[in-house]
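Proteins get letters first, then strands, A, B, ... in listed order; numbering begins at 1 in each. These values consider heavy atoms only, across backbone and side chains, with no hydrogens, waters or symmetry-generated copies.
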Amino acid sequence: MSLDVSIIGAGLSRFGRQPGVTGRQLAVQAIHAALADAGIAWPDVQVAFGGSDGAGLADTLVAELGLTGIPFTNVKNGCATGGSALVGAVNAVRSGAAEIALAVGFDKHPRGAFDPRPEDWGLPTGYGEAGLMVTTQFFAVKIARYLREHGIDESALAKVAAKAYRNGSLNPNAWRQEPMSEEQITGAAMVNDPLTQYMFCSPGEGGAAIVVASPAAAKRLGARAVKLLAVAPRTRAFGSFEVFSPSIQGDGIPPSVSTDASRAAFEQAGVGPDDIDVAQLQDTESGAEIMHLAECGFCEHGEQEKWIAAGETEISGRLPVNTDGGCIANGEPIGASGLRQVHEIVTQLRGEAGDRQVPGSPRLGFTHVYGAPGISACTVLGV
Amino acid sequence: MSLDVSIIGAGLSRFGRQPGVTGRQLAVQAIHAALADAGIAWPDVQVAFGGSDGAGLADTLVAELGLTGIPFTNVKNGCATGGSALVGAVNAVRSGAAEIALAVGFDKHPRGAFDPRPEDWGLPTGYGEAGLMVTTQFFAVKIARYLREHGIDESALAKVAAKAYRNGSLNPNAWRQEPMSEEQITGAAMVNDPLTQYMFCSPGEGGAAIVVASPAAAKRLGARAVKLLAVAPRTRAFGSFEVFSPSIQGDGIPPSVSTDASRAAFEQAGVGPDDIDVAQLQDTESGAEIMHLAECGFCEHGEQEKWIAAGETEISGRLPVNTDGGCIANGEPIGASGLRQVHEIVTQLRGEAGDRQVPGSPRLGFTHVYGAPGISACTVLGV
Amino acid sequence: MTVESVLPLTGSRCSSCGNVAYPAAAGCQRCGSSDLASVELARWGTVWAHTVQRFAPKSPPYVPPAEGFTPFAVGYVELPDGVKVEAVLEATTVDEPAELADARVTLVATEPVPRFATEAWLSSRSAAEEVGPR
Amino acid sequence: MTVESVLPLTGSRCSSCGNVAYPAAAGCQRCGSSDLASVELARWGTVWAHTVQRFAPKSPPYVPPAEGFTPFAVGYVELPDGVKVEAVLEATTVDEPAELADARVTLVATEPVPRFATEAWLSSRSAAEEVGPR
Ligand SMILES: [Zn+2]
Ligand SMILES: [Zn+2]
């Protein structure tokens with residue numbers, strides 16, 4: 001790292017269904033919360049990066065925030081939108097282009113969103129006719145193969161989902177705040193074997209914003225700064241297995257872009273997975289959290305069942321994962337989730353997470369997103 | 001400037017209608033051309049930024065380019081898409097995150113594209129019913145006010161358009177390669193007074209790519225490098241006049257985001273408008289080129305009629321403007337135009353512009369884009 | 001329809017900096033404050049700039065009048081409140097720019113968009129009403 | 001329909017690195033070369049992984065069969081050519097994962113998407129044809 005960049009402010013809108021509130025309004029709420037958290041005003045922001053998947057262009061937010069004339073780059077990287085925005089903000093500070101930069105992500109997906117059209121994915125229309133343009137199939141095929149390959153019992157899936165709802169019940173900003181038993185989760189409608197309805201996150205609504213600053217600005221503002229030790233986005237390597245792939249090319253076990261991004265992040269930060277005290281991992285469904293635990297290097301492939309049984313990923317465990325309830329309890333507003341994760345780690349490292357606070361003053365945190373068409377972004381944060 | 005960043009490769013696809021060729025294919029062609037120009041291969045690129053307005057996400061291009069796993073940020077800033085991508089690439093190099101970075105922009109708009117919906121612009125649906133969601137009205141209102149305020153004769157509009165077609169006829173890659181007389185242009189169908197059909201650019205097709213590198217990489221590759229002395233994107237200041245504005249707020253003369261972006265670029269580069277030998281200015285219609293000449297500081301407001309009459313903006317003049325025919329002769333593939341401008345300046349500064357080469361070995365060039373919702377991006381290039 | 005029966009346009013005024021917005025805004029573009037109050041705008045102003053829409057906009061969304069499309073003037077009217085409002089402009093002819101340039105115009109409709117008319121148009125309209133059927 | 005009458009799937013092979021793609025590609029994802037040749041893929045392979053589509057996908061785009069939606073298996077078939085192809089999987093029952101896990105399957109259709117069948121399904125189908133009307 002050529003220059004330490006700090007997070008000096010983090011803010012969220014409410015998550016979950018909010019009829020009559022637009023995605024852009026959620027973004028403005030999140031930005032105001034992040035600015036207040038940093039103790040600054042909108043005119044103090046010198047450059048901004050942000051985006052949504054389907055709720056509008058971030059640069060149009062200046063009409064409500066104030067027309068200060070700053071450069072505002074719209075990014076659009078699916079689940080990695082927040083990560084890309086954060087990289088933009090960090091590079092702007094490191095390159096000397098700005099001292100204070102903003103990253104914002106937001107979305108407001110209608111119920112049953114994510115209806116992909118084959119032509120948008122470069123696929124013949126037959127894939128739609130045949131019923132193969134269904135995202136949940138991808139997750140099911142991947143976890144089905146994974147459980148079989150590594151001898152993990154399907155019961156782990158319900159255990160992870162139950163933890164998500166349990167953590168959500170401790171998070172006053174979560175969409176789902178009702179705990180749910182493993183029996184309820186296992187007994188829910190089967191979507192794609194082995195995944196039931198309650199193991200998946202739902203398209204949701206929310207906004208998240210992060211303010212980063214140079215060391216000098218962080219010091220001047222006397223901020224309760226959290227150091228951004230690494231931020232690493234990556235695209236997929238050859239042979240990986242992704243949603244809406246008509247084939248998986250190459251021999252052998254498909255590589256994981258999450259592995260590439262997390263390794264890059266750990267290398268940048270100069271720490272290893274064992275050093276991390278709290279982590280947020282992409283949990284589009286509960287199987288994803290299981291696989292990402294190993295793909296990001298926190299355990300060996302196949303070790304997860306033992307970890308989960310021992311409660312190691314609980315708030316009280318060795319590596320608390322998705323302490324705010326993750327995507328399963330907060331929903332998935334695609335553009336917002338990556339920065340929601342960063343907000344949660346900032347909150348945990350500051351010791352301000354209330355009922356869901358990880359004990360023992362965590363000092364190092366990690367975030368990870370993964371999404372189409374084979375992208376991942378990871379961060380390492382520290383105090 | 002903390003670190004000199006150089007352009008080591010520039011490439012274009014063909015511009016103009018190309019039935020059966022997708023926008024993504026145009027992008028791949030432009031990238032291959034830029035890589036060949038730089039004497040490197042795709043795996044040498046360490047980070048990429050790019051986008052289109054309506055032809056797909058740039059990061060999906062890796063499926064054709066090769067899955068090298070690099071971070072690829074999709075940007076979406078309308079006419080400033082190329083500028084935002086270039087800023088991303090430059091900041092990545094300056095921050096030390098990469099030595100070689102790519103920026104790409106592309107688009108393929110259907111005939112009569114740009115059919116905006118009021119709700120996408122935060123306007124009541126009545127604006128569509130009443131016939132006010134027409135982009136050309138904005139340009140006409142702005143230039144009508146401008147000509148009257150500064151006593152410029154309407155004949156300047158046809159003169160600027162005729163130059164565009166004339167320069168296009170010298171550019172083998174232009175869409176429009178037929179010269180057109182001032183009489184033809186003035187006599188064409190009136191769209192919005194005082195602008196006729198042939199004064200406007202049309203939605204078009206094309207891709208453009210730029211490879212930037214750190215000084216060390218540029219030296220190692222022995223590139224015919226052009227220095228990127230400045231790149232400055234800006235959003236509008238309070239009170240500016242933009243397309244689809246239900247009102248212009250504030251008193252007095254609306255400020256121009258192009259003025260803000262160009263000033264920032266000149267300040268970064270440490271040069272002034274008088275030092276520039278060749279310029280590319282956004283010419284959505286010929287009146288825009290006239291206004292941007294003054295907004296970017298090349299002449300005083302009102303001086304343009306004299307400049308144009310004296311041929312100062314011709315290839316042989318004091319400040320050749322839009323030497324490749326600009327948007328009027330190349331069409332407007334929104335995502336591509338900004339980097340097409342950079343490509344043209346690189347070509348001119350290298351002395352490789354053939355029939356349209358600016359005489360006298362130009363050493364400093366300037367590019368400028370402007371677009372909705374009130375954004376501009378300018379660059380200063382030098383050899 | 002009489003001019004007096006037209007509702008005024010409603011905008012907002014920033015309590016912090018006094019900036020007036022139309023339509024009513026959620027945040028002030030000048031200072032960023034969200035403390036805004038509703039305000040009725042003046043019913044008259046001066047044409048700041050205009051053009052003529054010479055061809056029929058695409059339908060939908062455009063809804064042409066029952067008698068068919070004819071070219072209409074459109075532009076911005078500078079109100080004494082300190083804001084320039086986009087509006088359709090009613091003039092006796094759109095082919096003589098002098099009638100509209102810098103002209104004083106009066107609000108004659110607020111829906112679907114603001115509509116202002118020149119003195120000449122208003123006189124010709126009231127003249128027409130006087131000779132028309134009662 | 002006989003298995004022999006099914007056209008093979010057509011992919012592409014990279015002349016530079018030998019990588020096989022399905023469908024036929026314009027550029028090689030492994031090495032970036034655009035020097036690719038058309039190649040016919042094997043008509044059989046092994047199920048690499050699968051799931052069951054339990055609810056009817058949204059129509060459009062999904063076109064359910066005339067007799068109505070029933071859950072179907074979908075997954076990836078590893079071909080000897082060195083590529084795993086997404087396909088609908090025909091099995092005598094989708095409720096017994098063991099029939100499909102690692103099963104050897106044969107290509108039975110290429111449109112609208114690749115379709116492979118288990119040995120058990122093929123046997124039951126030819127048995128049905130033997131007792132059916134001639
Ligand atoms: Zn204000
Ligand atoms: Zn190859």
Checklist outcome for this item: For D/P57 and A/V134, the nearest pair of non-hydrogen atoms, with its separation, is CB-CG2, 3.9 Å
Next on the checklist: With a sphere of 6.0 Å drawn around CZ of A/F298, does it hold more than 12 non-hydrogen atoms of other residues, nucleotides or ligands?
Outcome noted: yes
Checklist entry - For the candidates D/L79, D/V85, D/V77, which exhibits the highest count of non-hydrogen atom pairs separated by less than 4.5 Å from chain A? => result D/V85
Next on the checklist: I'd like to know which of A/I143, A/V141, A/D251 tops the heavy-atom pair count under 4.5 Å against chain D.
Outcome noted: A/V141
Checklist entry - Do side-chain atoms of A/S247 reach the backbone of D/Y22 as a donor and acceptor pair under 3.5 angstrom? => result yes
Checklist entry - Is any side-chain heavy atom of A/I248 less than 4.5 Å from a side-chain heavy atom of D/E78? => result no
Next on the checklist: Can you tell me if A/E267 has over 12 outside heavy atoms packed within less than 6.0 Å of its CD?
Outcome noted: no
Checklist entry - Are any of the side-chain heavy atoms of A/L132 and D/F72 separated by less than 4.5 Å? => result yes
Checklist outcome for this item: The interface call for A/F241 against chain D, heavy-atom contacts under 4.5 Å, is side chain
Checklist entry - Is the CD atom of A/Q197 crowded by more than 12 outside heavy atoms at less than 6.0 Å? => result yes
Item to check | Contacting moiety of A/A144, where chain D heavy atoms sit under 4.5 Å | outcome: side chain
Checklist entry - Given a strict heavy-atom distance threshold of 4.5 Å, which part of D/P114 is in contact with chain A: side chain, backbone, both, or neither? => result side chain
Item to check | Residue A/R117 versus chain D: region with a heavy atom under 4.5 Å | outcome: neither
Checklist outcome for this item: Of A/P246, A/P254, A/S245, the largest count of non-hydrogen pairs under 4.5 angstrom with chain D goes to A/P246
Checklist entry - Is there a side-chain contact between D/E86 and A/Y127, using heavy atoms and a 4.5 Å cut-off? => result yes
Item to check | Name of the residue among A/N192, A/D193, A/V191 meeting side-chain contact (heavy atoms from CB on, under 4.5 Å) with D/R54 | outcome: A/D193
Checklist entry - Which pair of non-hydrogen atoms, one from A/R148 and one from D/A49, has the smallest distance, and what is that distance? => result NH2-CA, 4.5 Å
Next on the checklist: Under a 4.5 Å cutoff for heavy-atom pairs, which residue among D/P61, D/S59, D/P112 has the most contacts with chain A?
Outcome noted: D/P61
Checklist entry - Between atom OG1 of D/T51 and atom NZ of A/K142, what is the distance when rounded to the nearest 0.5 Å? => result 14.5 Å
Item to check | Backbone of D/H50 reached by a side-chain donor or acceptor of A/R145 within 3.5 Å | outcome: no
Next on the checklist: Between D/V74 and A/F138, does the side-chain contact (heavy atoms from CB on, under 4.5 Å) criterion hold? Intermediate values first, please.
Outcome noted: CA-CA 10 Å; D/V74 54; A/F138 161 74; over 6 Å; no
Checklist entry - Who wins among D/V52, D/V63, D/V20 for the most heavy-atom pairs under 4.5 Å with chain A? => result D/V52
Next on the checklist: Just so I understand: if I count every heavy-atom pair under 4.5 Å between each of A/P118, A/A140, A/G131 and chain D, which residue has the most?
Outcome noted: A/G131
Next on the checklist: Are A/Q249 and D/R30 packed together at the side-chain level, in the sense that at least one heavy-atom pair is separated by less than 4.5 angstrom?
Outcome noted: no
Item to check | Close side-chain approach of A/F238 and D/N19, heavy atoms under 4.5 Å | outcome: yes
